[in-house]
Each structure stands twice: as C-alpha cells, then as structure tokens.
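Structure, as structure tokens:
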There are 2 protein chains.
Amino acid sequence: MTARAPLTREEVVAVAADLVKQHGPQALTMRKLAAELGTAVTSIYWHVGNRESLLDALVERTVADLGGFRPRGATPQDRVLSVARTLRRRLRAHPHLIAMVHERGLTERMFLPAQQALVHEVHAAGLRGTRAAEAVRAVLFQVVGHVLVERNRERAPAQHPREEELWGAGTAEEDRVLARALAAPADPERIFTTSVRALVKSLLDPPT
Amino acid sequence: MTARAPLTREEVVAVAADLVKQHGPQALTMRKLAAELGTAVTSIYWHVGNRESLLDALVERTVADLGGFRPRGATPQDRVLSVARTLRRRLRAHPHLIAMVHERGLTERMFLPAQQALVHEVHAAGLRGTRAAEAVRAVLFQVVGHVLVERNRERAPAQHPREEELWGAGTAEEDRVLARALAAPADPERIFTTSVRALVKSLLDPPT
DNA sequence: ACCTGAACACCGTTCAAGT
DNA sequence: ACCTGAACACCGTTCAAGT
C-alpha cells in the first residue's frame, strides 16, 4: 500500500471532467471530487483555488479540446456545410461539458477554431469586408444556436403538442401532412442540414 | 400589526419569479424566498411540494406568459421576419427566466405560440406538407438558438480575439476590413436580421 | 511545498407538533 | 387546512496545524 501520487492541478481538472461527462454537472461537488481523487477536500483548494476557478479551468480545457477544422467539399458552399457539420458533431460529443461552457458564458470562445476555417471559405466565395464578417458570424450563431436547442430537446420530457394545438383560428386546417409532420418529433439532423444549407445559399450567392 | 395574509401557491411562484428577474437564478433559495414572503421556510413546502416543483411552475408560467403573435408586413417573408423579431424581443425581456426555461429542458415549449403564426405564413407563401413543417422548424431553431447565443455574449467577460488569432496559415491576410470587422464586437441585432432574412428567403423561394 | 481535520455558514428537506 | 421550529444530510470555504 504505497502512498498516493502527489496531486496536480491537471489531474484535478481531468477527474472533474470525467465526473461531469459521466454523471452530469450536478455530480461535480468538491467533496465527491475529493473522494474520486482519494484526497482530503481541502487539498483541492491548494491546487485550484476554489470551485469557481476549477470550473473556469474545466471550461477552458473543453474549449481548447475542440480543435481545428479541415473543410471538405468541391465548392465553398459545401465546405462551409462540412465545417458546420464537424462543429455540430464535436459540440454534441460531450453535451454536459458544452452545457457548462454555455452556462459560464464562454459560448463565443467555442467559435474561434471554426471561425478561421469559415473566413477562408467565404473569402473563396468572393465575399469581402463587412459582408464576409457577417456571413461568418451568421453561420456560427446558426450552428451553435442549433446545437443548444437540439440538445435541449433531447433531455426534455418529450411532450409534443397535439395536432389541434398547432392551429390558430382560420389557419390551414386542411393540410394534414403538415399537421402530422409538426405533431411528430422533429428530426434535428434534417433541420440542421436544411437550414444551414438554406442560410449558406443566401449568404454566399452574389446579390442580384 | 395584523397577521400576514394567507400564503397561496400563486404568490409563492410570483415572488420567486421576481427574485429571479432581479437577482438571477442563484438568488432563488427556499430560505431567501421564505424571507421575502415573510413566512417560515417550511410553509413553502406545503404549497409547492419542493424546490423542483416550484421551478417547474415558474418555468411553466414564463412559457405561458410569452403570448400570441400578430404578424405584420406585406409579404409572407416580411411577416415571418416580424414574428421572429417579436419572439426575440419577448425572449430577451426576461433573460434570467428564459435561461431557466432552457436549463430545465422546456425550450421547445417556447416554440408553440410562434409556431401557429409561422404555419399560417409559410402556408400563405405556398409551402405545403413536410416542406412547410421543415421551414417552420428551421426558423424556430434559428430564432431561439440565436437568442441563446446572443444572451450568452452579453454576460461573457467580453474578450474578443485579437486580429492575428483569426487567421490560419495562408488565409486572406490582406482583407483588413474583414479582419477589423471580426475583431470588433458583433452587432447581434444586425446578425439576427441578416441571417433570418437570408434563411427565410431560401426557405420560402419556390425551388427552381 | 503540500496535505489534513475541525469548524463555519449556508443549503434543501422531513417531521412531529401546533392552531 | 395551514403554519412552525428543530433536526438531518449535504454543500463550499477558511484556517490553524501538521509534514
């Protein structure tokens, strides 16, 4: 029974990340973390200061782990879509951690790596200056916003509105296909592709 | 000094809402709420069960208060944009409460009132069936997602990337206007209008 | 330099007891 | 039917004391 290896700041953050990934953010208490690490609660404070700093480090680590982008596709439109898809997939890989990044106000920091790739593509599509910047930001808002809404749906109590609730007075009651499509659960993957494609098409098309 | 008026469930929820609106979600503890109400902590439990149920009621109330929509504008495109703008404004009116709705997984419930209005408009634009349903959902995801990202930016430590960070190797270093536009803080209002307009244009245009 | 237990203030919740 | 205080388990944090 040898003594425990000396605690490090990196180990604390790594084990905290595991705890959140597996059991959600509410499972990350200083006491549970200490138990997981096999140390006294107060040891953690020496390495990370306090709980706030620990969460900062955790969220920083998550953002840094997002990584860079290698767009695929023949046209700028396709390559922007590929960046969007990759970003969505990476964000969805660790939903609890991404939720924490968002709750701690660092959503925008998640933009950075994708931003570099998108700048290149809108430039290739012929956009310049302010208009290019707006296109990049519109796509980023779109992708990250979509993932936030989508993730939410997944952990929701999954109550879809009954068909009758969908219609105001004098609305298209006759469109049964539409009614059933809206009453059924949405297919987020499809919404994502449809809407990113639609947005990119409008943004990158030369104004006529 | 007459005795306190008898406590009601509605009063508990209302005061809880005020507490959250003014001081944020973390200010809503059972003990602080009791102090605000002028009762013993344990009285609250008789009326609302426990903290979870209280939050459910609070979030339900917030969603119900969103209200209906009266689209304005000459074309379906304009009226969809007006619904999007109104929804954004209402969501932004009580950021703390909306954040709670989101954290508790009821984001989708916020869709309902706007959904009725949007169904009418995409129908007027000539869309039917599945394609209409996809358009409605794409716009809702877009608007709500945007508001979530936007709100996040506002309470963030406001650290914008320095210009150099924006560029990968071999990227358009020569576009100074783009560089400066991306280094400056984003104008969310503008991004919102630009991207909703672009999305709606693509979705409602007849396929050619 | 690193770790520890005791102690403090705060939290949600239960329960027996009051009216 | 409604309200109360005492008590319990859990939390983040500080601090004096150890090595």
Side-chain angles (χ1 to χ4, degrees), chain A residues 1-61 96-97 99-101 103-106, chain B residues 1-61 96-97 99-101 103-106:
Chain A
M1 223 37 151
T2 69
R4 207 205 166 293
L7 201 58
T8 66
R9 181 185 160 87
E10 287 69 36
E11 192 189 358
V12 173
V13 177
V15 172
D18 284 345
L19 220 50
V20 172
K21 275 185 217 163
Q22 293 176 26
H23 307 286
Q26 87 289 351
L28 179 53
T29 73
M30 302 300 270
R31 286 172 149 95
K32 281 179 188 162
L33 180 55
E36 201 74 19
L37 285 163
T39 56
V41 204
T42 44
S43 300
I44 301 174
Y45 285 80
W46 197 92
H47 288 280
V48 299
N50 55 23
R51 187 165 193 270
E52 282 298 287
S53 318
L54 171 60
L55 294 188
D56 282 342
L58 185 53
V59 144
E60 206 71 52
R61 201 183 108 118
H96 289 315
L97 283 173
M100 286 187 59
V101 170
E103 271 157 40
R104 293 190 69 77
L106 263 69
Chain B
M1 220 36 153
T2 70
R4 204 203 167 295
L7 201 58
T8 66
R9 182 186 159 87
E10 288 67 36
E11 191 188 359
V12 172
V13 177
V15 172
D18 284 345
L19 219 50
V20 172
K21 275 185 216 163
Q22 294 176 26
H23 307 287
Q26 87 290 349
L28 179 54
T29 73
M30 301 302 269
R31 285 171 149 94
K32 279 179 191 163
L33 179 54
E36 201 75 18
L37 285 163
T39 56
V41 205
T42 45
S43 300
I44 301 174
Y45 285 81
W46 197 91
H47 287 281
V48 299
N50 56 23
R51 188 167 192 269
E52 282 297 288
S53 317
L54 172 61
L55 294 187
D56 282 342
L58 185 53
V59 145
E60 206 71 51
R61 201 183 109 119
H96 289 314
L97 283 174
M100 287 187 58
V101 171
E103 271 158 39
R104 293 190 70 76
L106 264 68

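Naming: A, B, ... by sequence-line order, numbering from 1 per chain. Since the structure is predicted, the reported quantities are computational estimates derived from the model, not experimental observations. All heavy atoms count here, side chains included; hydrogens, waters and symmetry mates do not.
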Let me know the distance between [atom1] of [X] and [atom2] of [N], rounded to the nearest Å.
| X | N | atom1 | atom2 | value |
| --- | --- | --- | --- | --- |
| B:Lys32 | C:dG12 | NZ | P | 9 Å |
| A:Trp46 | C:dC2 | CH2 | C1' | 6 Å |
| B:Leu37 | D:dC3 | CG | P | 10 Å |
| A:Tyr45 | D:dT14 | OH | P | 7 Å |
| B:Leu33 | D:dC3 | CG | P | 13 Å |
| B:Ile44 | D:dT4 | CD1 | P | 10 Å |
| B:Leu55 | C:dG12 | CG | C1' | 12 Å |
| A:Met30 | C:dC11 | CE | P | 19 Å |

Exercise for the section: Please check the phosphate of C:dT4 (OP1 and OP2 only) for any side-chain N or O of A:Ser43 closer than 4.0 Å. Expected result: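 Result: yes.
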
Practice task
State whether A:His47 places a side-chain N or O below 4.0 Å from either non-bridging phosphate oxygen (OP1 or OP2) of C:dC3.
Solution key: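 Answer yes for this pair, as a side-chain N or O of A:His47 is under 4.0 Å from OP1 or OP2.
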
Go through [options] for me and flag the one nearest to the [X] side chain.
| X | options | value |
| --- | --- | --- |
| B:Ala40 | C:dT4, D:dG5, C:dT13 | D:dG5 |
| A:Pro6 | C:dC3, D:dT4, D:dT13 | C:dC3 |
| A:Thr42 | D:dT4, C:dT13, C:dT4 | C:dT4 |

Handout entry: B:Thr29 (side chain) and C:dG12 (base): donor-acceptor pair under 3.5 Å
Key =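 When only heavy-atom distances are counted, B:Thr29 does not reach the base of C:dG12 through any donor-acceptor pair under 3.5 Å.
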
Practice task
May I ask you to say what B:Arg51 touches in the nucleic acid, namely base, sugar-phosphate or nothing, with a heavy-atom cut-off under 4.0 Å?
Solution key: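 Sugar-phosphate only.
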
Problem - Salt-bridge criterion met for A:Glu10 and A:Arg61 (N-O under 4.0 Å) - result: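 Result for this pair is no, no salt bridge flagged.
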
Problem - Residue matched to D:dC11 through Watson-Crick or wobble contacts both under 3.5 angstrom - result: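 Pairing partner, where one exists within any strand: none, as none qualifies.
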
Exercise for the section: Write down the partner of D:dT19 under the Watson-Crick or G-U wobble criteria, each distance required to be under 3.5 Å. Expected result: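 The base-pairing partner of D:dT19, which may sit in any strand shown, is C:dA1.
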
Problem - Minimum-distance pair of heavy atoms, taken over all atoms of A:Ile44 and A:Met30 - result: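 Shortest heavy-atom contact: CD1-O, 3.5 Å.
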
Practice task
Enter the distance from B:Leu28:CG to B:Lys21:NZ here, rounded to the nearest 0.5 Å.
Solution key: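 B:Leu28 CG to B:Lys21 NZ: 13.0 Å, rounded to 0.5 Å.
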
Exercise for the section: Measure the spacing between CG of B:Leu19 and NZ of B:Lys32 and express it to the nearest 0.5 Å. Expected result: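 Rounded to the nearest 0.5 Å, the CG-NZ separation comes out at 8.0 Å.
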
Problem - Side-chain donor-acceptor pair present, B:Ser53, B:Asn50, cut-off under 3.5 Å - result: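 Yes, B:Asn50 and B:Ser53 have a side-chain donor paired with an acceptor closer than 3.5 Å.
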
Exercise for the section: Name the residue closer to the 5' end of DNA chain C, choosing between A:Arg31 and A:Val41 according to the nucleotide with the nearest heavy atom. Expected result: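 Nearest-nucleotide comparison on DNA chain C picks A:Val41.
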
